[in-house]
Amino acid sequence: MLDTPIEYLKGIGPLRAEVLKKELGIFLYRDLLSYYPFRYVDRSKFISIREVKDDLPGVQLRGFIESMEVVGQKQAKRLVVIFRDKSGSIELVWFKGYNWMAQKLQLGVEYIVYGKASAFNGKFNLAHPDIEEVTEQSLSHQSAFQSVYNSSEKLKFKGLDSEGIRRSMRALVSQLQLGHITETLSEEVLQDHQLISNYEALKYIHFPENPEQLRRAEFRIKFEELFYIQLRLLRLNKVRAHTVKGFVFPRVGEQFNVFFNKHLPFQLTNAQKRVLKEIRMDMGSGRQMNRLLQGDVGSGKTMVALMSMLLAIDNDFQACLMAPTEILAQQHFATFNELLAAMPIEMALLTGSSKTKERRVIYAKLLNGDIKILIGTHALIEDIVKFKNIGLVVIDEQHRFGVAQRAKLRSKNTHPPHMLIMTATPIPRTLAMTFYGDLDTSIIDELPPGRKAIKTVHYKDSKRLRVNGFMKEQIALGRQVYIVYPLIQESEKMDYQNLQQGYDNLVLEFPPPNYQISIVHGKLPNDKKDFEMQRFIKGETQIMVATTVIEVGVNIPNASVMIIESAERFGLSQLHQLRGRVGRGAEQSYCILMTGYKLGADSRLRMETMERSNDGFEISEVDLKLRGPGDIEGTQQSGVMDLKLANLAQDGQILQLARQSAQTLLDEDENLTLEKNKVYERQLSAMQESRKNWSKIG
Ligand code: ADP
Ligand code: MG
C-alpha cells in the first residue's frame, strides 16, 4: 500500500502529484507519510473577535459571514469578507483563489476560522485564513495539536498549502492499517526504551490527540533516526577491528624514556598523561588505532603527538605529522627540532615550497628508513612520498582536511598505520558521536598550569582611540599584539583594501622607529611571509597585522593581545581559534572584538558568548545552535542529512540512549544474525539501497 504512487491518493491526481514530486520529492504514499509537520498549533481554543491581537501566533474564531465582495482592480483584486460573532466583526481577505472561495462561502452558515491576525489601518484582518463549516466532524478535529506543514508557492497554487497537505495526509492516514507499516526496531529495543510502534508513531506524529501522544511519537521517530546512524557507525568499527590488522607497538623503549626523563621541559598535565596512556593501549592492542584527540587551543596536543611518535620509533617504525598550513608545519618542525635536539633522531620538513633537490634527498631517506619523523603539509600525501615502514600518522587540525586525505595516508604502508587526529575546534559531543562515530575519542580537558583566563571585550568601532591607547600600554610592557582582519572569498578585493587601509592607519598611529609592524596575508610569497613571521617571533616587531592565515596553531607566548577587526564577520569557532593565539605565556592576555555599530541578533549573541566564555566546548554548543549541523563540515558523509526530526543541537540525550542501545545490540550479536535482530540487517540494506539511488539522482 505504501508503495502506491502518490497520484492515486484521494484528492491528489496527476497534476498535484507532479508538483509534489518536484517540490518535495514525494513520489509514493510512504514519502508523504514521512513528510512530518514542522510545528503544531493549538486549535482547542476559540476566542471572541474583540480579543483578537496581532501578537498572537494564531487566532481561532467561530461566527457567520455578514457580507462578501470582490474589490480592487487587476493585481490588487481580492475577496473581502466581513466575519461576525457576538463581540464584533473582522475582515477576512483572499488575494489568490478568490473566485473559487467566493463561490464556496455562504451567508447564514456557521464557520470556524483560523489564521494569523495583522493590523492594517488600525483594524485587524486575517489574510488567507483556514475556514471550515461548523459540523460535528469539524469540531471533533479541533485539537490542541494541529499539524502545520511546510509548503511552497507552487504547492499553494495547486491547493497544497499546509491545510491542503493536512487533508491529503488525513486521507492517507485514515486508510493506514497496522499491517501496512513494517516495524523497524526489534521487540527488545522497543521494550527497553518503552517506544511506541512505528505504526502508532506515524499516525500520531501527524494527528496527535493529546500532548503525550505527540511526545511519544516524536521520541520514537527521533530515536530511530539516531539509532540507525549509530548502528551503522559502530558496526563499521567492529568490522574494521576484525579485518584490519594494526601494527603492534609492544615496547616503551629508549627514545621515549630518554626524552621523558631528560628532555621533557615541563611536567605533563594529568590530561596529557591520560591521553598518552590511551594511545599506548591502542597501539599495543593489535588493532589499528583511529583516535580523535580533542583539546582546546593551548592544551598541549603537540607534546602528545611527539611522544606518541617516539613510541613508534622505539618499535622500529617511522612517523609523520601533517599540518594544514605551511606556517604551522614549519612551527612544528622548529618545536620538534628544539625538543629533540639532543637525541639521535633524524627529521625532515616537506612542504609545497621544498626545493626539488631537497625533496629528492628526503624521498630517498624516507624509503631507506633514515628519516624517522616527517613533518609537512599536504605535500606528504603525494604518491611519490613513500616510507620504508610508517607506523603512525598524526593529522593536526583535522577540520581542515577531508576524509579522502585521511584515506590516502592510511594507504602508505602494507597495513594502515595508526592514526591520531587532533583538533582544537571542539565538537559538541553529539556531533562528535555522529561525525566521528567511527573514531575513538580522547579529550585533553585541562590546560597547562599557570595560564590565566583570557579577558575578552567587545567594542564598537567608536572606541578605537581607547584601543590604540591600550595597545601602547601593552607594548610598553614588552608585549606583542595581533590584529586580524577577515578574509572572505566573495569580497576578497575589498578585504585586502581593508587590511591595507588598517595597516596604513596603524603606521600613522604607531610610527617607526619606536614601533615596528609586521604584515602577513595569503597573497604574500612564502619567503616574505616567513620573513615577517620570523621578525614577529624574534620580537623585532611589536604588532602583527594579518588575515586568518594565523588562525590555527601559531604559538608565540609573548603575544598577549588579540584584536579581531570586523569580528561580526567571523563564526564562533573561528573567533575562539583566533583568541587561542594569545594566553600562551604567563602574562594576562586580552582579546578585543571590534565590530560595526549595528549588529544582528546572531552577531550579538556571538560576541556575548565570547565575552562570557573561554570554554571551547561551551562555545561549540552555542555555535551548533546558531548554525545548525548542516553547515558544519563533513556533515554529508555522516548520515546527519538523513535526519528529519532529530536535531543534534537539542536531542543529545536521545542520541546517547540510541548509541548505547546500538552498542548493546552489537555486543551481543555483532553480525546481526539472531532471529530477533533480523529486522536490522534488512533495514540497513534497505537504507544502503536508497542511499545508492539518491546518489545516482544527485
Ligand atoms: P595546542 O593543543 O593548541 O596544539 P600546543 O601543543 O601548541 O597547544 O601547546 C601550547 C603551549 O603549551 C606550548 O608552548 C607548549 O610548550 C605548552 N605546554 C604544553 N604542555 C604543557 C605542560 N604540560 N606544561 C606546561 N606547558 C605546556
Ligand atoms: Mg596545535
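Start at 1 and go down the list; that is how both ligands and their atoms are numbered. We use all heavy atoms of the structure for the numbers below, so side chains are in, but hydrogens, waters and symmetry mates are not.
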- Query: For ligand 1, does Q294 get within less than 4.0 Å through its side chain, its backbone, both, or neither, judged by non-hydrogen atoms?
  - Reply: neither

- Message: With heavy-atom distances below 4.0 Å as the criterion, list the atoms of ligand 1 near Q272.
- Response: 19 (C), 20 (N), 22 (C), 23 (N)

- Considering residues at least two apart in sequence or located in another chain, which fulfil the ring-ring contact (aromatic ring centres under 6.0 Å, His included) criterion with H263? none

- Task: Check whether any side-chain heavy atom of M343 lies under 4.5 Å from a side-chain heavy atom of K262, and answer yes or no.
- Result: no

- Item | Atoms in ligand 1 flagged as close to R584, the criterion being non-hydrogen separation under 4.0 Å | 3 (O), 7 (O), 10 (C)

- Query: Do R606 and D623 sit within salt-bridge range, that is, some charged N less than 4.0 Å from a carboxylate O?
  - Reply: no

- Item | Centroid-centroid distance, F317 to F387, less than 6.0 Å | no

- Item | Closest to atom 12 (O) of ligand 1 (judged by heavy-atom distance), picking from Q331, M303, K273, R451 | R451

- Answer side chain, backbone, both or neither: which part of Q267 comes under 4.0 Å from ligand 1, heavy atoms only. backbone

- Query: Just which atoms of ligand 1 are under 4.0 Å from any heavy atom in T302?
  - Reply: 4 (O), 5 (P), 6 (O), 7 (O)

- Message: Between the side chains of D282 and R291, is the shortest nitrogen-to-carboxylate-oxygen separation below 4.0 Å, so that they form an ion pair?
- Response: yes

- Note on the structure: Note: ligand 1 atoms sitting under 4.0 Å from heavy atoms of V297 are 3 (O)

- Pairs flagged by side chain to side chain donor-acceptor pair (under 3.5 Å) wherever residues 341-353 is involved - sequence neighbours left out: E326-T351, E326-S353, E346-K365, T351-S353

- Item | Lys NZ or Arg CZ of K386 over Y363 ring: under 6.0 Å, within 45° | no

- Query: Between H418 and F249, is the gap from one ring center to the other below 6.0 Å?
  - Reply: yes

- Query: Looking at T269, which atoms of ligand 1 are within less than 4.0 Å of one of its heavy atoms?
  - Reply: 23 (N)

- Message: Check for me whether G295 has a heavy atom closer than 4.0 Å to any atom of ligand 1.
- Response: no

- Report yes or no: does a heavy atom of G298 sit under 4.0 Å from some atom of ligand 1? yes

- E446 touching ligand 1 at heavy-atom level, < 4.0 angstrom: no

- Item | Ligand-side contact atoms (ligand 1) for residue partner P448, heavy atom cut-off under 4.0 Å | 18 (N), 20 (N), 21 (C), 22 (C), 24 (N), 25 (C), 26 (N), 27 (C)

- Item | ligand 1 contact on L268 by region, counting heavy-atom pairs under 4.0 Å | backbone

- Item | K372 with D314: basic N within carboxylate O range, under 4.0 Å | no

